[in-house]
Amino acid sequence: MTDDTAARALWAQMPLDLQFEVDQLVSANKPAAALKVIRKWGLDPKPGIAESRAVTDYRKSVLKPPPRFT
């Protein structure tokens, strides 16, 4: 399973409240805080640092605005 596939699977299993909080932190350019929230949320099994980082990277790729061409 690739990191992106694993990140998508973990994201799909997360409660909506956690998804919302992670997206807010990632959008505010606070990936370390988002990683901490994922790890402290109480998911079972608890995701590791690498898994949590993959989720924050995945969400950043989804949420980043497309480049502007003027």
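Both backbone and side-chain heavy atoms feed into the values below; hydrogens, waters and symmetry mates do not. Starting from 1, each residue takes its place in the sequence as its number.
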- Let me know which of R59, K60, R53 forms a side chain to side chain donor-acceptor pair (under 3.5 Å) with D57. R53

- Heavy-atom neighbours of I49 CD1 exceed 12 at 6.0 Å: no

Distance-only check: which donor-acceptor pairs under 3.5 Å involve side-chain atoms of residues 26-47, not counting sequence neighbours?
from, atom 1, to, atom 2, distance (Å)
S27, OG, D23, O, 2.9
R39, NH1, P47, O, 2.6

- Please check if the side chain of Q19 supplies one atom and the backbone of W11 the other of a donor-acceptor pair under 3.5 Å. yes

- Look at the side-chain heavy atoms of Ile, Leu, Val, Met, Phe, Trp and Tyr, link any pair under 4.5 Å apart, and say whether L25 and V62 land in one connected group. yes

- Message: With clusters defined by side-chain heavy atoms of hydrophobic residues (ILVMFWY) lying less than 4.5 Å apart, directly or transitively, does F20 cluster with V55?
- Response: no

- Task: Side-chain contact test, heavy atoms from C-beta onward, threshold under 4.5 Å: evaluate it for L10 versus Y58 and give yes or no.
- Result: no

- Task: Please confirm whether the backbone N or O of L18 pairs with a side-chain atom of E21, one donor and one acceptor, at under 3.5 Å?
- Result: no

